[in-house]
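Side chains included, hydrogens not; waters and symmetry mates left out as well; all remaining heavy atoms used. Protein chains get the first letters and strands the later ones, always in sequence-line order, with residue 1 at the start of each.
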Amino acid sequence: MEWTEERVATLKALWQNGYSARQIAERLGGVTRNAVIGKAHRMGLSSRPSPIKKTQKPAAPAVKERSCQWPIGHPGSDDFHFCGEAAEAGRPYCSTHCEVAYRRSSGSSENAA
DNA sequence: CCCTGATTCGC
DNA sequence: GCGAATCAGG
């Protein structure tokens, strides 16, 4: 196929209307999306929403680690507070309190302390 | 495996 | 200049 004024105009029109290269190629007929993209690139077009997204994620509010939320004292009490030590990654407590928090007492009769 | 555009490369 | 092949990512 030949890139006539008409075909080029169609290409540009569709491209600017947000059509994907594949849609344009299909519409024109006799060309593949590569031809469309290649032609578009050659005429100075392209620069459409590139699929190659940049890994730009500076805003990562993903909660990494906070301070240990292990309660110290009685809730409501004047000196009630949380442990505050550096918590383990992905856990709400520090290493010490993690042991306590996740200590599974599965049917053991070790209650005589 | 489907898609997207970008770029490269031989013709 | 052309477009398939390849690249790079979703």
**Asked** Any idea which of dT7(B), dC2(C), dG5(B) is nearest the A21(A) side chain?
**Response** dG5(B)
**Asked** Which nucleotide in the list dA4(C), dG3(C), dG5(B) gets nearest to the side chain of W15(A)?
**Response** dG5(B)
**Message:** In this structure, how many angstroms lie between the P atom of dT4(B) and the CG atom of L14(A), rounded?
**Reply:** 14 Å
**Request:** Counting heavy atoms from C-beta on, name the nucleotide in dA4(C), dT7(B), dG5(B) closest to the side chain of R33(A).
**Result:** dG5(B)
**Request:** Kindly point out which of dT4(B), dT7(B), dA4(C) is positioned nearest to the side chain of I37(A)?
**Result:** dT7(B)
**Request:** In whole angstrom, give the distance that lies between atom NZ of K39(A) and atom P of dT7(B).
**Result:** 17 Å
**Fill in**
N34(A) atom CG is separated from dT8(B) atom P, nearest whole Å, by 15 Å
**Request:** Report yes if a side-chain nitrogen or oxygen of T32(A) is closer than 4.0 Å to either non-bridging phosphate oxygen (OP1 or OP2) of dG3(C); otherwise report no.
**Result:** no
**Request:** Taking S77(A) for its side chain and G73(A) for its backbone only, find out whether a donor-acceptor pair lies under 3.5 Å.
**Result:** no
**Beyond-backbone contact of I24(A) with R33(A), side-chain heavy atoms, under 4.5 angstrom** = no
**Closest to side chain of W3(A), choosing from dT6(C), dT7(B), dG3(C)** = dG3(C)
**Asked** What is the distance from CD of E2(A) to P of dG3(C), rounded to the nearest Å?
**Response** 10 Å
**Message:** From CZ of R42(A) over to P of dA4(C), roughly how many Å is that when rounded to an integer?
**Reply:** 11 Å
**Request:** Report yes or no: does R7(A) contribute a side-chain atom to a donor-acceptor pair with the main-chain N or O of E2(A) at less than 3.5 Å?
**Result:** yes
**Request:** Specify the separation, in whole Å, of atom NE2 of H41(A) and atom P of dC7(C).
**Result:** 18 Å
**Complete:** Here the ring-ring contact (aromatic ring centres under 6.0 Å, His included) pairs for residues 64-87 of chain A, sequence neighbours left out, are W70(A)-Y93(A), W70(A)-H97(A), F80(A)-F82(A)
